[in-house]
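Each remark here refers to the structure printed beneath this line.
The structure presented is a predicted model; accordingly, all values stated were derived computationally and were not measured. Excluded from the calculations below are hydrogen atoms, water molecules and symmetry mates; all remaining heavy atoms, backbone and side chain alike, are included.
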Amino acid sequence: MIDLHCHLLPGLDDGSKDLAQSIEMARMAEADGIRIVACTPHITPGVYDNEGPRIRAAVEDLAAHLFELDINLYLVAGADVHIAPNLAQGFRSGRVLTLADSRYFLFEPPHHVAPPRLEEFVRDLLAVGFIPVITHPERLSWIDTHFSAIKRLFASGAWIQVTAGSITGQFGSQARYWSELMLDEGMVHIVATDAHNTSRRPPNLSAARAAVASRLGEEEAERLCQTRPLGIVKDLDPSQIAPPPALAMPAVT
């Protein structure tokens with residue numbers, strides 16, 4: 001499996017607190033069947049002022065430690081990106097990171113307030129060739145009143161990433177309800193752990209994959225946890241990647 005949202009790097013944000021915890025998280029991920037992990041610390045202006053060069057250096061350092069310890073986990077660089085001005089310029093300069101240097105990037109909207117002009121922000125990035133992967137919309141406190149906006153973002157070409165723990169009930173009944181609804185409506189592109197530590201938010205993807213396989217079938221579970229994430233890592237055009245069911249359905253005439 002491939003996990004494209006993981007706060008594995010030590011000391012860069014509210015994820016892993018130190019190298020020892022990062023190594024233990026890596027061991028857990030490997031044991032769970034994960035083979036590729038995107039290291040995606042927050043880039044939140046004024047809170048977590050991480051930049052591309054620092055993240056890349058941290059990925060290389062952690063990868064060297066995992067190699068020495070014979071932990072079979074391939075790391076790629078990325079970031080959990082928040083709304084900021086001139087984001088496209090930040091990607092081009094390397095100050096802000098996409099996932100594995102692809103056209104895809106993790107985009108985390110504000111958790112408690114629906115941002116104004118969110119749809120315009122996403123459309124502008126799509127227009128210049130960057131594809132937002134909207135992280136855990138099922139956990140946003142405003143999804144109840146703005147689900148139609150999430151559906152429009154999906155229809156416009158943004159990708160949707162649901163958290164594994166939401167599917168298994170780790171984040172409560174509301175997150176589980178919305179994750180299952182989006183899965184049932186065929187709106188989810190990928191599932192990822194959004195792991196932050198070894199206890200409350202560990203890097204566990206297999207339980208969610210099994211739940212999705214029971215709900216939607218083995219083929220879609222593989223696409224959510226392997227095929228589409230690999231397409232991102234390879235920077236394939238969306239037309240080359242099997243779409244989620246809602247986009248694969250023929251148009252009604």
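In terms of heavy-atom proximity, Ala58 sits nearest to Leu12 at CB-CD1, 4.1 Å. Between Gly129 and Arg103 the shortest heavy-atom distance is O-CB, 3.5 Å. Considering all non-hydrogen atoms of both residues, Gly157 and Leu126 come closest at O-CD2, 3.8 Å. Residues Pro245 and Glu220 share a closest heavy-atom pair of CD-OE2, 3.5 Å. Taking every heavy atom of both residues into account, Pro137 and Met182 meet most closely at CG-CE, 3.9 Å. Listed here is the closest heavy atom pair of Pro45 and Ala84: CG-CB, 4.0 Å.
Remark: Glu120 CD to Ser156 OG distance equals 12.5 Å, nearest 0.5 Å. The CG atom of Leu205 lies 8.5 Å from the CD atom of Gln226; values are rounded to the nearest 0.5 Å. Considering CG of Leu230 and SG of Cys225, their distance stands at 13.0 Å, rounded to 0.5 Å. Going from atom CD1 of Ile36 over to atom CD1 of Ile34 covers 11.0 Å, rounded to the nearest 0.5 Å. Taken from CD1 in Ile43 to CD in Glu108, the straight-line distance is 12.0 Å, to the nearest 0.5 Å. Going from atom CD of Gln21 over to atom CE of Met25 covers 6.5 Å, rounded to the nearest 0.5 Å.
There is no side-chain donor-acceptor pair under 3.5 Å between Ser166 and Ser179. Side-chain contact check for Asp3 and Thr193: at least one donor-acceptor pair (N or O, by modelled atom type) lies under 3.5 Å. For the residue pair Arg54 and Asn50, a side-chain donor N or O sits within less than 3.5 Å of a side-chain acceptor on the partner. Counted by atom type alone, Asp194 and Gln161 present zero donor-acceptor pairs between their side chains at under 3.5 Å.
In this structure, Glu30 contributes its side chain and Ala26 its backbone to no donor-acceptor pair below 3.5 Å. At distances below 3.5 Å, not a single donor-acceptor pair connects side-chain atoms of Tyr177 with backbone N or O atoms of Gly172. Here the side chain of Thr135 pairs no donor or acceptor atom with the backbone of Leu106 at under 3.5 angstrom. The backbone N or O of Pro202 lies less than 3.5 Å from no partner atom in the side chain of Thr198, so there is not a single donor-acceptor pair. The closest donor-acceptor contact from the side chain of Gln170 to the backbone of Arg200 lies under 3.5 Å. Remark: side-chain polar atoms of Asn197 are paired, donor with acceptor, to backbone N or O of Ser199 under 3.5 angstrom. Side chain of Ser102 to main chain of Thr98: no donor-acceptor pair is present (N/O by atom type, distance under 3.5 Å, no hydrogens or angles).
The side chain to side chain contact (heavy atoms under 4.5 Å, CB included) test applied to Glu219 returns Arg223, not counting sequence neighbours. Remark: His146 pairs with Trp142 by the ring-ring contact (aromatic ring centres under 6.0 Å, His included) rule, at least two apart or across chains. Judged as a side chain to side chain contact (heavy atoms under 4.5 Å, CB included), and not counting sequence neighbours, the contacts of Arg27 are Ile23, Glu24, Leu69, Ile71.
A salt bridge (charged side-chain N to carboxylate O under 4.0 Å, His left out) check over residues 204-213, counting only residues at least two apart or in different chains, returns the pairs Arg209-Glu218. Among residue pairs with one or both ends in residues 70-93, those qualifying as ring pair (Phe, Tyr, Trp, His ring centres under 6.0 Å) are His42-His82, Phe91-Phe105, Phe91-Phe130; sequence neighbours excluded.
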Walk me through whether Val76 and Val59 qualify under side-chain contact (heavy atoms from CB on, under 4.5 Å). CA-CA 7 Å; Val76 299; Val59 171; over 6 Å; no
The test is side-chain contact (heavy atoms from CB on, under 4.5 Å); show your working for Leu19 and Leu62 and say whether it passes. CA-CA 8 Å; Leu19 178 61; Leu62 180 58; 3.9 Å; yes
Apply side-chain contact (heavy atoms from CB on, under 4.5 Å) to Leu224 and Leu183, showing your working. CA-CA 10 Å; Leu224 287 161; Leu183 285 165; 3.9 Å; yes
Can you check salt bridge (charged side-chain N to carboxylate O under 4.0 Å, His left out) on Arg176 and Glu180, steps first, answer last? CA-CA 6 Å; Arg176 186 169 193 167; Glu180 291 179 345; 3.3 Å; yes
Please lay out, stage by stage, how Thr163 and Arg139 fare under the test side chain to side chain donor-acceptor pair (under 3.5 Å). CA-CA 8 Å; Thr163 306; Arg139 288 163 45 202; 3.0 Å; yes
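Side chains of Asp235 and Asp101 form no contact here, defined as non-hydrogen atoms less than 4.5 Å apart. Looking at heavy atoms from C-beta onward, Trp159 lies in side-chain contact with Arg228 at the 4.5 angstrom threshold. Side chains of Ile2 and Arg35 form no contact here, defined as non-hydrogen atoms less than 4.5 Å apart. Asp80 has its side chain out of reach of Asp13: every pair of non-hydrogen atoms, C-beta onward, lies at least 4.5 Å apart. Residues Arg201 and Phe171 meet the side-chain proximity criterion, which asks for heavy atoms closer than 4.5 Å. A heavy-atom distance below 4.5 Å is not found between the side chains of Ser16 and Leu8. Residues Met1 and Val191 fail the side-chain proximity criterion, which asks for heavy atoms closer than 4.5 Å. Cys39 places none of its side-chain heavy atoms less than 4.5 Å from the side chain of Ile55.
Under the 4.5 Å side-chain heavy-atom criterion for grouping Ile, Leu, Val, Met, Phe, Trp and Tyr, Ile131 is connected to Ile241 within one hydrophobic cluster. Linking ILVMFWY side-chain heavy atoms closer than 4.5 Å, directly or via other members, places Ile143 and Leu181 in a single hydrophobic cluster. Under the 4.5 Å side-chain heavy-atom criterion for Ile, Leu, Val, Met, Phe, Trp and Tyr, Phe121 and Val128 are members of the same hydrophobic cluster. Residue Phe107 is not grouped with residue Val47 when hydrophobic side chains (ILVMFWY) are merged at heavy-atom distances under 4.5 angstrom, including chains of intermediate members. No continuous path of ILVMFWY side-chain contacts below 4.5 Å connects Tyr48 to Ile83, so the two sit in separate hydrophobic clusters.
Partner of Leu4 under the side-chain contact (heavy atoms from CB on, under 4.5 Å) criterion, chosen from Val133, Thr40, Val233: Val233. None of Leu140, Ile150, Val162, Asp144 except one satisfies the side-chain contact (heavy atoms from CB on, under 4.5 Å) rule with Trp178; the exception is Asp144.
In summary, Arg95 and Asp49 do not engage in a salt bridge, as defined by a charged side-chain N under 4.0 Å from a carboxylate O. Salt-bridge annotation for Lys151 and Glu185: present, with a side-chain N of the basic residue lying under 4.0 Å from a carboxylate O of the acidic one.
For CG of Asp18, the number of neighbouring non-hydrogen atoms (other residues, nucleotides, ligands) closer than 6.0 Å is greater than 12.
Applying the 4.5 Å side-chain rule to ILVMFWY residues, one finds that Val113 remains a lone member of its cluster.
Using bins of under 30°, 30° to 60° and over 60° for the plane-to-plane angle, the ring pair His189/Phe154 lands in the tilted bin.
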